[in-house]
Each structure stands twice: as structure tokens, then as C-alpha cells.
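Each ligand, and each atom within it, is numbered from 1 in the order the structure gives.
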Amino acid sequence: MDKKPIGIFDSGVGGLTVFKEIRKRFPFEDIIYFGDTARVPYGPKSRNTVIDYSIQNARFLIQQGAKIIVIACNTSSATALIDLQKLLPVPVLGVIEPGALSAVKSSGNKHIGVIGTEGTIRSQAYSTAISKLDDSCIIFSKPCPLFVPLAEEGWEDHEVTQLTIKEYLTSLLHKDIDTLVLGCTHYPILKTSIQKFVGSKITLVDSAQAVTDKLDEILPNRETKEIGKDYFYVSDNEVKFKQIASKILDMEIDKLIKVKLGEGWFLK
Ligand code: DGL
């Protein structure tokens, strides 16, 4: 029986949407989550910076004993997945390919919208992954950078959020899309407001469930009835993280540890 934890990281609170799904599906696994709240957002940062941060985050999780790493961040998955898979001694899962697969399965008319951070959209990771699965799909992409601070602020249905959604998504509504990929793990926090704006005919896809399915294929069943433990780490702003986390997870985080990550390794 492998008692080592599943390691999950994101730039902040967004990856908790993935954590929630994994926790639900794997009640007996220990899970360790790291949110890089000192350095969020990753979306506008350069490729090399995102790769550096991702390596530091993953190494930290491995130092805590992680047996597998889930990159619960589309920007890191789009940029650093291959580097992490080469460098790390444990399996590494990203969210893009599972998300692309869900989108292709969901779309009837093959017109798929993809929204994400500037980094994710610039990388064309979703377009590439979707086209590989079905090259008849027509993909319309749009970066929505302001959604990340709105989600980090906990403004899931604030007036400012509704205006921002309208500003970003109006052009996509004219493309006859039937599926919209929430290509950033922060965006499901705004899901209700986004769905209200785009209407019920457009299916919203987020990769939390899809990446959990993938994890299910890889992880052997843990033969224990001992409920898994959660360990939460951030690099800054513990109070705010706890507040938003309690809304996303419907539970209070009682123990949250702040760590400082540095170049090549981490400093406590
Ligand atoms: N939640 C992350 C993603 O899925 C990153 C958002 C950001 O830090 O800009 O892309």
C-alpha cells in the first residue's frame, strides 16, 4: 500500500477546483496542495519564468513525499509539462489533454471556444491537443486575463465580474460555439456567472473531472479504509487563501503552512 500523497499545485486558489474533484474521487488518498500565492498570476509571465516556478513547485511537493504530481494549472501544463515529465522521478499529469478530450466529446457542431490565460492561449496548447483528437474541429480562442484576479478576490458573481465576462465573451458568442473550454483552473470559480452569460446551449468544460479520470487510470486502488489527510501550503496571503478556499471547498482549512520557494529548491 502506497501511503505517499498525491501532489497538486497551481499558482493560487484555482487548482482547488481540481483538488475538490480529486478529493471526492480518492477519499482514502493523502493529498498535498501547493498554491503559489506569492507569485500569482502565472498567465502574463514569460515561458521561462513559468517553467522555473513550476519546477520549484513540483520539487517542493516531491520533497514532501508526493508519489505523483498533478499540475492543476493550465498555464504551467501548457508550458512546463514536458520539462517536468523529463526532470521528475514520479509521473506528472497536466490538465490540457484531459480537457481537450472532454471538449471534443462534448461538441456536436465542432465549433469549440477556448478561454485561458495569455500564456495558455499563446502556447496554442489547446488548439494543438484538440486538433490532434479531431482535426475537423474549429477552435476560437480568447485570453481572459482579468478572470484570475477576480477569482482570487472571490468575486464570483460581482457586478465587475459580470461586466468583464460580457467584454471578453461577446465576440465568442458570434462564432456558433456549442462548447466552451474553461482553460484555466481559476475560471470554474466564475462558472455560474459565465454560464448565465453564455446561456444553457453552450456546454462549459473544465478539466478537473477529466484529469481525475486520468489519475484513476494510473493510481492503483488504495486498500485502506483510513480517510485520507489533506495538507495545504501556500507561498503568501494565508488569510485570503483560507477565505476563498472555504467557499470553493465548502470546508474550513484548519492547517495552512506558508513556505518560501527559491531558485532551484525551496527555503522554509
Ligand atoms: N489557474 C492557472 C491556470 O489554470 C493560472 C492562472 C494564473 O496564475 O494566471 O492557468
Side-chain angles (χ1 to χ4, degrees), residues 7-22 33-58 69-81 84 92-100 102-103 113-129 141-156 161 164 168 180-191 194 204-212 214 232-237 240-241 244-245 247-249 261:
I8 304 176
F9 78 82
D10 178 44
S11 61
V13 296
L16 290 171
T17 58
V18 176
F19 169 91
K20 192 175 180 179
E21 195 59 40
I22 294 179
Y33 182 92
F34 174 68
D36 195 7
T37 44
R39 306 188 287 200
V40 66
Y42 283 9
K45 299 204 164 71
S46 71
R47 204 184 125 73
N48 284 348
T49 299
V50 175
I51 293 177
D52 274 355
Y53 290 175
S54 304
I55 293 172
Q56 291 168 23
N57 301 344
I69 301 289
V70 178
I71 312 179
C73 171
N74 288 263
T75 314
S76 289
S77 301
T79 322
L81 176 65
L84 291 185
V92 184
L93 291 184
V95 281
I96 307 269
E97 279 177 19
S102 292
V114 177
I115 54 174
T117 66
E118 288 155 296
T120 300
I121 300 302
R122 197 186 331 116
S123 74
Q124 298 192 341
Y126 270 104
S127 315
T128 309
S141 304
K142 175 111 190 170
C144 303
L146 291 176
F147 285 177
V148 173
L150 291 169
E152 288 280 330
E153 201 56 40
W155 284 8
E156 60 271 17
T161 305
T164 312
Y168 282 143
L180 179 62
V181 179
L182 305 181
C184 169
T185 53
H186 279 71
Y187 298 179
I189 298 168
L190 314 178
K191 197 169 187 173
I194 295 175
L204 300 184
V205 166
D206 79 69
S207 35
Q209 205 176 336
V211 77
T212 307
K214 189 86 199 148
F232 292 98
Y233 293 86
V234 287
S235 47
D236 207 354
N237 293 331
K240 200 154 170 204
F241 183 89
I244 318 265
K247 279 206 239 171
I248 299 171
L249 303 177
L261 301 195

Checking contacts here: is it the side chain or the backbone of [X] that comes within 4.0 Å of ligand 1, counting heavy atoms only? Could be both or neither.
X	answer
C184	both
N74	both
T185	both
D10	side chain
T75	both

For this session: Considering only NZ, NE, NH1 and NH2 on the basic side and carboxylate oxygens on the acidic side, decide whether E156 and K247 come within less than 4.0 Å.
Result: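 A salt bridge is present here (some side-chain N lies under 4.0 Å from a carboxylate O).
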
Exercise. Is K45 salt-bridged to E118, cutoff N-O under 4.0 Å?
Worked result: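 No.
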
Exercise. Considering only the protein, which heavy-atom contact is closest to atom 7 (C) of ligand 1, and what is its distance?
Worked result: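 Looking at atom 7 (C) of ligand 1, the protein heavy atom closest to it is Y42 N, 3.3 Å.
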
Problem set entry | atom 5 (C) of ligand 1 - nearest protein heavy atom and its distance |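 For atom 5 (C) of ligand 1, the nearest protein heavy atom comes out as S11 OG, 3.3 Å.
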
Minimum heavy-atom distance between [X] and [Y], given as atom pair plus value:
X	Y	answer
E152	K240	O-CE, 3.8 Å
V114	L180	N-CD1, 4.1 Å
L16	A245	CD1-CB, 3.6 Å

Problem set entry | Single hit among T79, D10, L84 for side-chain contact (heavy atoms from CB on, under 4.5 Å) with I71 |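 Among T79, D10, L84, the one that satisfies the side-chain contact (heavy atoms from CB on, under 4.5 Å) with I71 is L84.
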
Exercise. Would you say H186 has any N or O atom under 3.5 Å from an N or O of ligand 1, going by distance alone?
Worked result: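 Checking ligand 1 against H186, an N or O pair does fall under 3.5 Å apart.
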
Within a distance under 4.0 Å of any heavy atom of [X], pick out the atoms of ligand 1 and give their elements.
X	result
T117	6 (C), 9 (O), 10 (O)
V40	8 (O)
G43	7 (C), 8 (O), 9 (O)

Exercise. Got a donor-acceptor contact below 3.5 angstrom from the T117 side chain to the P145 backbone?
Worked result: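 A pair under 3.5 Å: no.
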
For this session: Could you label the plane-to-plane angle of the Y168 and F147 rings as parallel, tilted or perpendicular, counting under 30° as parallel and over 60° as perpendicular?
Result: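 The arrangement is perpendicular - the two ring planes meet at more than 60°.
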
